[in-house]
Amino acid sequence: MMRSRITRSRGILFVFATAVLTGCFYAAPQIAQQVKPAPAATAATQPAPDASINRPTSEPYQGDLSIFEDRQREANLQIGRVMDLLGIKESSRVADVGAGSGWFTVRAAKRVGPGGKVYAVEINKDYLKHIENRAAKEQLSNIETVLGAEDDPRLPANALDAALILKTYHEIAQPVRVLQRLKPSLRENALLGIIDRNGKGDDHGLDRDQVVREAERAGFVLVDQYDFVKPDGMDYFLIFRAAPASSSTTRD
């Protein structure tokens with residue numbers, strides 16, 4: 001998962017595991033804005049580190065990956081509906097940023113079919129190996145693993161119709177920079193989805209408004225938001241599109 005490597009107690013890992021098994025999302029929809037993404041960044045215009053963002057982050061989960069395979073997770077997250085809202089269909093090209101066990105990766109790969117492609121992005125090499133073995137076992141040749149960096153998903157330019165950051169955003173230490181470097185990989189009208197839960201950053205969640213502010217600083221606009229599972233308002237599903245170059249916010 002794209003995240004910071006801060007050592008924390010086993011108790012926090014237990015809280016995270018509980019959140020994964022029980023959590024889902026969202027809040028009321030807004031009117032979609034049809035805008036075009038900014039041009040791909042060149043080596044000369046790569047953003048500098050985002051020194052102004054200094055929020056706490058959560059320790060990445062390092063335990064047994066089987067925790068992500070809970071039978072209720074698919075129903076709770078309504079992942080089919082999530083893919084519908086992100087426009088993921090046959091022949092789509094998708095990124096699973098912070099892929100973990102590949103739970104979403106394999107579902108997206110089955111949705112897009114042999115004519116599509118799913119990039120499973122991780123900074124954990126062991127997780128990537130797990131996904132590769134899983135893809136081979138399930139005969140999903142349309143999955144490509146990508147070893148990302150903590151500040152860069154390292155995806156090819158103009159390659160994606162959609163990207164999803166599933167329950168991982170709160171672990172990203174340099175969120176504006178990560179999103180800025182993801183942006184050139186998105187094709188025109190491609191959508192970015194972020195699923196997470198409200199929290200303080202170091203408790204395996206991050207306030208929804210903070211996510212929106214960071215995405216806007218990275219040059220994205222919020223086009224929709226949903227809460228179609230949990231009534232407590234803890235979890236959310238945000239959908240963004242890259243803003244036009246003229247309306248992008250400052251690049252750090």
Side-chain angles (χ1 to χ4, degrees), residues 20-37 68-121 131 134-135 138 140-144 153 155 158-169 179 182-183 185-198 208 211-212 215 220-243:
V20 168
L21 291 174
T22 59
C24 295
F25 28 105
Y26 313 141
Q30 297 180 350
I31 298 174
Q33 303 172 34
Q34 299 295 324
V35 294
K36 297 181 180 179
F68 298 106
E69 304 306 318
D70 179 77
R71 292 182 178 180
Q72 294 301 313
R73 197 175 191 216
E74 185 160 2
N76 289 344
L77 286 171
Q78 298 190 46
I79 201 64
R81 186 175 178 187
V82 168
M83 288 192 281
D84 289 343
L85 291 168
L86 291 176
I88 297 173
K89 56 185 183 298
E90 188 173 354
S91 299
S92 290
R93 299 174 74 85
V94 181
D96 182 4
V97 181
S101 69
W103 182 86
F104 173 68
T105 297
V106 298
R107 285 159 175 79
K110 292 173 182 177
R111 168 75 72 101
V112 304
K117 190 167 190 175
V118 180
Y119 296 93
V121 183
I131 293 170
R134 184 172 184 174
E138 299 192 33
L140 295 170
S141 60
N142 56 353
I143 292 174
E144 179 177 332
L155 287 161
N158 197 36
L160 304 175
D161 300 302
L164 180 64
I165 304 177
L166 174 59
K167 296 282 192 171
T168 302
Y169 189 88
L179 294 182
L182 172 64
K183 189 177 175 184
S185 300
L186 299 174
R187 295 173 173 173
E188 183 175 344
N189 293 322
L191 296 174
L192 164 65
I194 297 178
I195 296 174
D196 222 302
R197 61 185 294 274
N198 284 308
R208 168 244 178 238
V211 177
V212 173
F220 287 85
V221 292
L222 180 68
V223 296
D224 271 307
Q225 53 183 316
Y226 296 93
D227 182 1
F228 47 69
V229 176
K230 295 179 69 177
D232 60 11
M234 286 295 293
D235 291 26
Y236 50 79
F237 173 32
L238 307 176
I239 301 178
F240 298 90
R241 184 177 282 119

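Heavy-atom basis, side chains included; hydrogens, waters and symmetry copies ignored.
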Query - Candidate pair Leu85 and Phe237, rule side chain to side chain contact (heavy atoms under 4.5 Å, CB included), full reasoning - result: CA-CA 10 Å; Leu85 291 168; Phe237 173 32; 3.8 Å; yes

Report task. Return yes if some donor-acceptor pair links the side-chain N/O of Thr168 with the main-chain N/O of Leu166 below 3.5 Å, else return no. Result -> yes

Query raised in the report: Which heavy atom in Ala135 sits nearest to a heavy atom in Ile143, and how many Å separate them?
Result: CB-CD1, 3.9 Å

Query raised in the report: Just wondering, do Arg208 and Leu238 contact through their side chains at under 4.5 Å, heavy atoms?
Result: yes

Requested in this report: Spell out, as yes or no, whether a donor-acceptor pair under 3.5 Å connects the side chain of Asn142 to the backbone of Gly113.
Outcome: yes

Requested in this report: List the steps, then state whether salt bridge (Lys or Arg N to Asp or Glu O under 4.0 Å) holds for Asp84 with Arg111.
Outcome: CA-CA 10 Å; Asp84 289 343; Arg111 168 75 72 101; 3.0 Å; yes

Donor-acceptor contacts, no H, no angles, side chain residues 86-94, under 3.5 Å, sequence neighbours left out:
unit_1	atom_1	unit_2	atom_2	d
Ser92	OG	Lys89	N	3.0
Ser92	OG	Lys89	O	3.0
Arg93	NE	Ala159	O	3.3
Arg93	NH2	Tyr119	OH	3.1

Query raised in the report: Taking the side chain from Asp161 and the backbone from Arg187, do they hold a donor-acceptor pair closer than 3.5 Å?
Result: no

Query - Atom of Ile131, atom of Gly100 and distance for their closest heavy-atom approach - result: CD1-O, 3.5 Å

Report task. Please confirm whether the backbone N or O of Ser101 pairs with a side-chain atom of Arg134, one donor and one acceptor, at under 3.5 Å? Result -> yes

Report task. Examine distances only and state if a side-chain atom of Asp224 and a backbone atom of Ile239 form a donor-acceptor pair shorter than 3.5 Å. Result -> no

**Report entry** Nearest non-hydrogen partners of Phe220 and Leu186, listed with the distance
**Finding:** CE2-CD1, 3.5 Å

Report summary line: Heavy atoms of Val121 and Pro153 approach each other most closely as CG1-O, 3.5 Å

Report task. Mind listing the closest non-hydrogen atom pair of Val221 and Ala243 along with its distance? Result -> CG1-CB, 3.8 Å

Requested in this report: May I ask you to decide if Asn158's main-chain N or O and Ser185's side chain share a donor-acceptor pair within less than 3.5 Å?
Outcome: no

Requested in this report: State, with a plain yes or no, whether a side-chain heavy atom of Phe240 is found less than 4.5 Å away from one of Leu191.
Outcome: no

